Amino acid sequence: MKRIKEVIVVEGRYDKNALKQVVDATVVETGGFGVFSDRERLALLRRLAAERGLILLTDSDGAGFVIRNFLKGAIPKSQLKQAYIPDIYGKERRKAAPGKEGKLGVEGMSPAVLLQALERAGATFRERPSQEPAGEAVTKADLYGLGLTGGPDSGAKRAQVLKALGLPERMTANAMLEAVNILYNREEFLSKFVQYGDETDCAPL
């Protein structure tokens, strides 16, 4: 399975599942049109774009292009790559009827088509698996142990750490957990926390 450097942005979880069976990459969902009003999601995408670059891979119907155009206007062009799937008409297996325009979405594409779309977009493929271990993920228990959830001052402490990490200060605990697990492994996050421990008055795990 080929590894891809950039973060791939898709519309929903079924698209994500389809891609994760084809490439080894970080895949983030927009939640459909939800990204329009989700400031935390948009802020995370901007951070990921700046650090690793994004590949937009939305459906080929009108709704997919609305989402694509919104993100094109919200993220610097130099940090975006555009991947397009062809117009193939049909119905995904899980659906009772075809979509409004009758086109298959990302989830309905074959692995070969998805790979071709990513190649044409200029995805940065890494043929060899990373020699470095991925590391453990940050958990909700970690956030609780660090005083970032479950306490009377957790919101304020979380805001300070988020600010230090360059993430939106108003992120919820769940949004923070998703963000730090994309950007860091557990060891990296804890080392970052040690740097900001004095500010938050918390002790690292």
Side-chain angles (χ1 to χ4, degrees), residues 5-17 19-20 24-58 63 66-76 78-80 130 132-205:
K5 171 190 173 184
E6 295 88 357
V7 174
I8 304 173
V9 181
V10 297
E11 295 180 44
R13 63 188 176 98
Y14 292 103
D15 302 328
K16 180 177 181 177
N17 291 342
L19 270 177
K20 294 296 281 185
D24 179 2
T26 300
V27 184
V28 178
E29 306 163 33
T30 67
F33 290 157
V35 71
F36 298 166
S37 57
D38 190 339
R39 294 182 179 178
E40 293 180 352
R41 175 71 43 178
L42 187 57
L44 175 59
L45 291 176
R46 285 175 172 151
R47 172 71 181 275
L48 293 173
E51 291 203 2
R52 293 172 55 183
L54 299 183
I55 298 176
L56 298 185
L57 182 59
T58 61
V66 169
I67 294 170
R68 185 186 294 273
N69 290 332
F70 171 77
L71 292 175
K72 284 170 66 176
I75 295 170
S78 62
Q79 299 169 1
L80 284 177
S130 172
E132 299 178 1
E136 297 178 26
V138 181
T139 66
K140 288 185 176 180
D142 289 331
L143 297 187
Y144 180 80
L146 295 169
L148 300 175
T149 62
D153 300 323
S154 292
K157 293 176 181 178
R158 189 165 61 247
Q160 290 178 339
V161 173
L162 286 166
K163 182 179 180 180
L165 294 176
L167 293 167
E169 297 174 41
R170 293 183 179 274
M171 269 189 165
T172 62
N174 286 337
M176 179 183 186
L177 187 64
E178 179 188 20
V180 297
N181 273 319
I182 291 174
L183 294 165
Y184 313 103
N185 61 36
R186 185 174 185 272
E187 183 179 356
E188 291 169 339
F189 174 67
L190 293 180
S191 69
K192 292 283 186 183
F193 186 85
V194 168
Q195 296 177 34
Y196 313 125
D198 291 339
E199 298 178 27
T200 58
D201 194 31
C202 298
L205 294 178

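Computed from a predicted model, the values in this text were never measured in an experiment.
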## Note on the structure
Output for pair (M171 CE, L44 CG), nearest 0.5 Å, gives 5.0 Å
### Query
Nearest 0.5 Å, what's the CD-CD distance between Q79 and E6?
12.0 Å
### Query
Is atom CZ of F70 surrounded by more than 12 heavy atoms (other residues, nucleotides or ligands) closer than 6.0 Å?
yes
### Candidate pair K140 and L177, rule side-chain contact (heavy atoms from CB on, under 4.5 Å), full reasoning
CA-CA 7 Å; K140 288 185 176 180; L177 187 64; 3.6 Å; yes
### Candidate pair M176 and V161, rule side-chain contact (heavy atoms from CB on, under 4.5 Å), full reasoning
CA-CA 10 Å; M176 179 183 186; V161 173; 3.9 Å; yes
### Query
So, does R186 use its side chain to make a donor-acceptor pair with the main chain of T139 at under 3.5 Å?
no
### Message
Could you measure the distance from the CD atom of E136 to the CG atom of L190? Nearest 0.5 Å is fine.
### Response
9.5 Å
### Message
To the nearest 0.5 Å, what is the distance between CD on Q160 and CG on D153?
### Response
9.5 Å
### Query
Does the pair Y184 and L165 meet the rule for a side-chain contact (heavy atoms from CB on, under 4.5 Å), with working shown?
CA-CA 11 Å; Y184 313 103; L165 294 176; 3.8 Å; yes
### Message
Is any side-chain heavy atom of E29 closer than 4.5 Å to one of D15?
### Response
no
#### Entry: Side-chain heavy-atom pair V66, F33 within 4.5 angstrom cut-off
yes
### Summary
For I8 and A25 the tightest heavy-atom approach is CD1-CB, 3.9 Å
### Task
Look up atom NZ in K163 and atom CZ in R170, then write down how far apart they are to the nearest 0.5 Å.
12.5 Å
### Minimum side-chain heavy-atom gap L42-F36 below 4.5 Å
no
### Message
So for atom CD, which belongs to E187, do other residues, nucleotides or ligands contribute more than 12 heavy atoms lying within a distance under 6.0 Å?
### Response
no
### Query
Hey, is the main chain of V9 close enough, under 3.5 Å, to the side chain of K16 for a donor-acceptor pair?
no
### Message
Any non-hydrogen side-chain atom of L71 less than 4.5 Å from a side-chain atom of T58?
### Response
no
### Query
Does any non-hydrogen side-chain atom of I182 lie less than 4.5 Å from one of E178?
yes
### Query
What heavy-atom pair brings L183 and L167 nearest, and what distance separates the two atoms?
CD1-CD2, 4.0 Å
### Message
I need the K157 NZ to L148 CG distance, nearest 0.5 Å.
### Response
8.0 Å
#### Entry: side-chain contact (heavy atoms from CB on, under 4.5 Å) assessment of E51 paired with V7
CA-CA 10 Å; E51 291 203 2; V7 174; over 6 Å; no
### Message
Are I75 and L56 packed together at the side-chain level, in the sense that at least one heavy-atom pair is separated by less than 4.5 angstrom?
### Response
no
### 4.5 Å side-chain heavy-atom contact, F189 and D142
no
### Query
So, the side chain of E40 versus the backbone of P168: is there a donor-acceptor pair under 3.5 Å, distance only?
no
### Query
Any side-chain heavy atom of T26 within less than 4.5 Å of one from L48?
no
